[in-house]
2 protein chains.
Amino acid sequence: MPGIHVNPEIREAEEILRKALALKEVIVIVGSLSIDYVGRSRSRLTPGERIVIIKPDGSILVHRPTGYKPVNWQPDSKIIDVFTHDSEVLVIRSIRGKPREVLTMYFSSVKLIYTDKLVDRGEFAMYIDEHEIRDLLYKHPEIIEEGLRIIEKEKPLRNGYIDLFGVDNRGRPVIIELKRITATREAVLQLYNYVIEYEKTTGIKPRGILVAPSFSTKAVESLNKLGLERREISLQKLWREYLKPSQTISRMQSLMDYLGKGREG
Amino acid sequence: MPGIHVNPEIREAEEILRKALALKEVIVIVGSLSIDYVGRSRSRLTPGERIVIIKPDGSILVHRPTGYKPVNWQPDSKIIDVFTHDSEVLVIRSIRGKPREVLTMYFSSVKLIYTDKLVDRGEFAMYIDEHEIRDLLYKHPEIIEEGLRIIEKEKPLRNGYIDLFGVDNRGRPVIIELKRITATREAVLQLYNYVIEYEKTTGIKPRGILVAPSFSTKAVESLNKLGLERREISLQKLWREYLKPSQTISRMQSLMDYLGKGREG
DNA sequence: ACGTGTATGTCGTTC
DNA sequence: GAACGACGTACACGT
């Protein structure tokens with residue numbers, strides 16, 4: 001049973017919030033506030049109208065009228081205090097330990113408080129992430145190179161992991177680093193580090209191949225300079241050619257599923 | 001003038017949203033929906049209750065009842081379509097080009113629609129970010145080492161930038177990499193890369209110093225192995241000792257400012 | 001708890 | 001527009 005409170009007085013708002021926090025409800029507040037943050041950094045935001053979301057796990061988000069990112073936030077917090085100052089300012093203070101971070105919101109007025117126990121048992125599935133690509137190339141190494149045999153995926157090194165480790169048709173070890181987006185110089189460094197590490201540990205100089213849909217200019221330069229290789233592989237193509245049709249998402253399919261299941265939600 | 005609509009019918013909701021989008025209002029929707037995303041990746045979320053924020057710049061956020069991060073989103077979108085399917089499903093589709101991404105939300109029911117033109121002219125100020133630390137150490141190199149002279153900050157190399165570049169009291173060039181937080185092996189690699197780059201370009205072997213509040217075990221190992229140095233510098237200490245008291249934020253100060261300004265907001 | 005790597009990362013800034 | 005690096009990155013996973 002959601003609670004909807006329009007233009008509550010400061011004292012009223014305090015009451016509502018205390019109750020909602022105790023009940024572990026999701027809270028949405030729209031109002032005029034200023035914010036102080038002290039922790040990994042320090043920041044101050046002077047007054048203005050924003051949307052605040054407080055979740056039962058202690059996550060807090062403050063959104064301005066534009067932009068994707070919250071202007072202030074708390075990924076989670078153990079303690080959320082609510083109090084008022086002379087019945088004129090509503091203060092919400094969220095404290096997090098490790099690292100110690102304190103977020104304090106000062107509301108001068110509240111336009112809306114929405115409180116609700118949201119029921120969300122939905123399942124989230126993601127496709128074409130690095131993990132899925134890795135599994136696919138593990139099964140189909142010929143996509144990278146004819147005659148390549150993959151021996152191990154996520155092979156642990158002293159530091160970090162090799163995405164795919166294999167042997168080419170001449171018996172030379174091959175270290176493969178995957179990127180799902182344009183590979184930059186950073187990715188080359190990562191691969192180079194693994195190659196060096198492997199060579200130091202085993203005394204054998206391996207091939208290093210960077211697999212990505214595209215490569216930055218600097219990445220190509222660095223690869224050449226360091227004697228590393230690259231393979232351009234398009235994810236969209238992989239998706240279309242190798243992944244099961246049953247996994248594809250069509251809008252109509254989604255709508256059908258939805259109409260079948262929607263009424264439970 | 002905010003619009004608050006509780007449990008609107010699907011057709012009603014469609015109307016409200018169209019109007020709010022045309023007026024470039026901020027929109028908050030609470031309801032039961034499923035979501036498809038196709039773009040840089042693909043994802044599907046089956047039905048459940050969530051909070052959706054749509055901003056006038058086309059940013060969209062979908063929040064589940066827990067967690068800091070939105071389960072689905074669009075950083076900005078040129079086109080937002082709203083339509084219904086047999087008056088049973090409300091569909092909001094957001095399309096972004098470059099990269100092409102399509103986010104589609106299917107609502108089976110809507111508990112709340114809040115629409116408002118939020119007025120936010122607040123100023124956001126952040127202190128103790130990397131930039132500020134760099135400027136401080138530029139002015140006070142003795143914090144890093146007695147006799148050190150800084151010649152350049154953000155010195156461009158063929159790849160990337162050196163945070164601080166200087167000369168020690170024996171005339172040897174020094175490359176300094178700064179980290180605000182615990183330095184990991186990645187930071188060491190970055191420094192190492194700059195040192196090698198510099199040596200290759202000039203033929204002179206510089207000192208490399210990693211400056212951070214703390215160092216991971218692996219970072220220390222790597223530093224030793226590569227012949228690089230480290231300086232442990234606490235940001236909090238820097239803040240207290242070197243930055244002007246006028247910049248410090250006290251809660252009471254904030255509250256006072258706020259009470260002075262709050263009524264305009 | 002620390003370390004390591006991914007992310008539909010996002011975001012600023014520079015080339 | 002591409003690319004490069006920082007971020008209060010968050011988050012998951014392994015030790």
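To find a chain, count down the sequence lines: A is the first, B the second, and so on, and within it residues start at 1.
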Student: Can you identify which nucleotide, out of C:dT14, C:dG5, D:dG8, has its nearest atom closest to the B:E186 side chain?
Tutor: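 Output: C:dG5.
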Student: Of all the choices, D:dG8, C:dT6, C:dA7, which nucleotide is nearest to the side chain of A:D163 once you look at every atom?
Tutor: C:dT6
Student: Counting heavy atoms from C-beta on, name the nucleotide in D:dG8, C:dT8, C:dC15 closest to the side chain of B:R40.
Tutor: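 Nucleotide nearest to B:R40's side chain: C:dT8.
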Student: Is C:dT14 paired to anything, Watson-Crick or G-U wobble with both distances less than 3.5 Å, and if yes, which nucleotide?
Tutor: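 Its partner is D:dA2 (Watson-Crick or G-U wobble, both distances under 3.5 Å).
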Student: On DNA chain C, does the nearest nucleotide to A:N193 precede the nearest nucleotide to B:N72 from the 5' side, or the other way round? Give the residue.
Tutor: A:N193
Student: Identify which nucleotide among D:dA6, D:dA3, C:dT4 has an atom closest to any side-chain atom of B:K218, counting heavy atoms from C-beta outward.
Tutor: C:dT4
Student: Take atom P in D:dG5 and the same atom in C:dT8, then report the distance between them in whole Å.
Tutor: 22 Å
Student: Measuring to OP1 and OP2 of C:dG5, would you say a side-chain N or O of A:Y194 lies under 4.0 angstrom away?
Tutor: yes
Student: From the options C:dG3, D:dA10, C:dC11, select the nucleotide whose nearest atom is closest to the side chain of B:S216.
Tutor: C:dG3
Student: What contact category does A:E101 fall into here, base, sugar-phosphate, or nothing, at under 4.0 angstrom with non-hydrogen atoms?
Tutor: base
Student: In whole Å, I'd like the distance from the CG atom of B:L189 to the C1' atom of C:dG3.
Tutor: 14 Å
Student: Think A:T217 has a side-chain N or O under 4.0 angstrom from the OP1 or OP2 of D:dA3?
Tutor: yes
Student: Rounded to whole Å, please give me the gap between NZ in B:K69 and P in C:dA7.
Tutor: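 So the NZ-P distance, B:K69 to C:dA7, works out to 10 Å.
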Student: Would you check if there is a donor-acceptor pair between the side chains of A:K69 and A:H63 at a distance under 3.5 Å?
Tutor: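 Result is no, nothing qualifies.
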Student: Expressed in angstrom and rounded to an integer, what is the separation of B:L61 atom CG from C:dT10 atom P?
Tutor: 11 Å
Student: Using the closest heavy atom to pick a nucleotide of DNA chain D for each, name whichever of A:F215 or A:S41 lands nearer the 5' end.
Tutor: A:F215
Student: May I have the distance from A:E221 (atom CD) to D:dC4 (atom P), rounded to whole angstrom?
Tutor: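 These atoms are roughly 9 Å apart.
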Student: Could you tell me the separation between the CD atom of A:E197 and the P atom of C:dT4, rounded to a whole number of Å?
Tutor: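 In whole Å, C:dT4 P and A:E197 CD are 11 Å from each other.
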Student: Among side-chain atoms of A:T104 and A:R93, is any donor-acceptor pair under 3.5 angstrom?
Tutor: yes
Student: Regarding B:P75, tell me which of base, sugar-phosphate or nothing describes its non-hydrogen contacts under 4.0 Å with the strands shown.
Tutor: sugar-phosphate
Student: Let me know, please, whether A:G67 or B:G39 comes out on the 5' side of the other along DNA chain C by nearest nucleotide.
Tutor: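 Counting from the 5' end, the first nearest nucleotide belongs to B:G39.
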Student: Can you tell me if A:Y37 is stacked onto the base of D:dG8, using a 5.5 Å centroid cut-off and an angle below 30°?
Tutor: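 Ring-base stacking flag set for A:Y37 and D:dG8.
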Student: Just verifying a value: how many Å separate B:I95 CD1 and B:S77 OG, rounded to the nearest 0.5 Å?
Tutor: 9.0 Å
Student: Between C:dT13 atom P and B:K153 atom NZ, what is the distance in whole Å?
Tutor: 14 Å
Student: In Å, rounded to the nearest 0.5 Å, how long is the span from CD1 of B:I209 to CD of B:E229?
Tutor: 4.5 Å
Student: Could you tell me whether the phosphate oxygens of D:dA6, OP1 or OP2, come under 4.0 Å of any side-chain nitrogen or oxygen in B:K179?
Tutor: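 Answer is yes, contact under 4.0 Å.
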Student: Would you kindly give the CG-to-C1' distance between B:D76 and C:dC11, to the nearest whole Å?
Tutor: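 Checked: the CG to C1' distance equals 12 Å.
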Student: Report the nucleotide, chosen from C:dG5, D:dA6, C:dA7, that has the shortest atom-to-atom distance to any side-chain atom of A:Q190.
Tutor: C:dG5
Student: Stacking between B:W73 and the base of C:dT8 (centre distance under 5.5 Å, interplanar angle under 30°)?
Tutor: yes
Student: Determine, using ring centers only, whether B:Y198 and B:F165 are less than 6.0 Å apart.
Tutor: yes
Student: Would you indicate what A:E177 reaches in the nucleic acid, counting non-hydrogen atoms under 4.0 angstrom: base, sugar-phosphate, or nothing?
Tutor: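 Sugar-phosphate, backbone atoms only, no base.
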Student: Check every atom of D:dC4, C:dT8, C:dC11 against the side chain of A:R185 and return the nucleotide holding the closest atom.
Tutor: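 The answer is D:dC4, which lies nearest to the side chain.
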Student: In plain terms, say whether A:E154 and A:R134 are close enough for a salt bridge, that is, a side-chain N and a carboxylate O under 4.0 Å apart.
Tutor: yes
Student: Take atom P in C:dT4 and the same atom in D:dG8, then report the distance between them in whole Å.
Tutor: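 The answer is 22 Å between these two P atoms.
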Student: What is the distance, rounded to the nearest whole Å, between atom NE2 of A:H131 and atom C1' of C:dT4?
Tutor: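 Taking NE2 of A:H131 and C1' of C:dT4, I get 15 Å after rounding.
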Student: Measuring from A:I150:CD1 to A:L164:CG, what's the distance to the nearest 0.5 Å?
Tutor: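 Reported value, rounded in 0.5 Å steps: 5.0 Å.
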Student: Of B:L178 and B:K98, whose nearest nucleotide on DNA chain D comes first from the 5' end?
Tutor: B:K98
